[in-house]
Amino acid sequence: MLIDIDIVNIALNTVFNGEYNSALLTYKLRLKSSSGLYEATIDFNTASNGAVQMSSPIYYAIPSGVTITGILVFSYEDSTTLVDEDLTGKTFTTNGTYTVSSLSISLGV
């Protein structure tokens, strides 16, 4: 059975961009760390070829001594967690910036 990529794009746009419904959700990109959580709002481009990508990089100011341990993508409005992944720890020995430069979410069939 072939899946119509236009239907997949509509589904992704409905979830991430609210283009086909009135319930626009706000998604957050949260870093898990040894000192707590770092959080930023994430925006997505219009879906294409069955995937959505974040529209611009997100920068987090990380203090010295903090280890980044994981990443979450979620929505407060409907308590949906889309991504919850542990990362290989990166410890900052000086104050620095953790950059998430790209994120793509695809709908697999």
Side-chain angles (χ1 to χ4, degrees):
M1 175 180 180
L2 293 175
I3 302 297
D4 185 339
I5 197 69
D6 291 332
I7 300 299
V8 173
N9 290 335
I10 288 170
L12 288 168
N13 284 326
T14 299
V15 171
F16 291 102
N17 297 313
E19 291 183 10
Y20 302 100
N21 66 22
S22 60
L24 183 61
L25 301 175
T26 303
Y27 289 94
K28 300 288 185 174
L29 183 65
R30 179 182 280 176
L31 295 181
K32 298 184 280 186
S33 78
S34 59
S35 71
L37 303 170
Y38 297 86
E39 187 175 287
T41 299
I42 183 170
D43 295 314
F44 292 95
N45 291 324
T46 300
S48 176
N49 296 318
V52 291
Q53 302 207 9
M54 62 189 285
S55 58
S56 60
I58 297 176
Y59 304 95
Y60 298 89
I62 308 296
S64 175
V66 170
T67 301
I68 302 302
T69 60
I71 189 169
L72 287 149
V73 176
F74 67 98
S75 169
Y76 279 124
E77 289 87 354
D78 65 357
S79 301
T80 299
T81 299
L82 301 169
V83 176
D84 185 356
E85 291 293 324
D86 292 330
L87 302 175
T88 301
K90 174 179 175 33
T91 301
F92 285 76
T93 55
T94 61
N95 292 341
T97 302
Y98 192 94
T99 304
V100 178
S101 57
S102 66
L103 174 68
S104 178
I105 298 175
S106 59
L107 185 59
V109 182

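Predicted, not measured: the structure shown is a model, and the values here were computed from it.
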Can any side-chain N or O of [X] pair as donor or acceptor with the backbone N or O of [Y] at less than 3.5 Å?
X	Y	answer
T94	S64	no
T67	S34	no
T99	S101	no

- prompt: Hey, any chance Y59 and F92 share a hydrophobic cluster, counting ILVMFWY side chains that come within less than 4.5 Å of each other, even indirectly?
  reply: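 No, no single cluster joins them.
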Cluster link L103 to L37, ILVMFWY, side chain under 4.5 Å: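 No; tracing contacts between hydrophobic side chains, which count when under 4.5 Å, never links both residues.
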Mind checking the [atom1]-[atom2] spacing from [X] to [Y]? Nearest 0.5 Å is all I need.
X	Y	atom1	atom2	answer
L29	D43	CG	CG	11.0 Å
I62	I68	CD1	CD1	4.0 Å
Y98	I71	OH	CD1	6.5 Å

Identify the two heavy atoms, one from [X] and one from [Y], that lie closest to each other, and give their separation to 0.1 Å.
X	Y	value
T69	S33	OG1-N, 3.7 Å
T80	L82	CG2-CD2, 3.7 Å
A61	P63	O-CD, 3.9 Å

Output all residues satisfying side chain to side chain donor-acceptor pair (under 3.5 Å) with [X], sequence neighbours left out; order by chain, then residue number.
X	value
D84	K32
K90	none
Y60	none

- request: For the residue pair I42 and K28, establish whether any side-chain heavy-atom pair is separated by less than 4.5 Å.
  value: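 No, every pair of side-chain atoms sits at 4.5 Å or beyond.
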message: Y27 vs M54, test: side-chain contact (heavy atoms from CB on, under 4.5 Å). Steps then yes/no.
response: CA-CA 11 Å; Y27 289 94; M54 62 189 285; over 6 Å; no
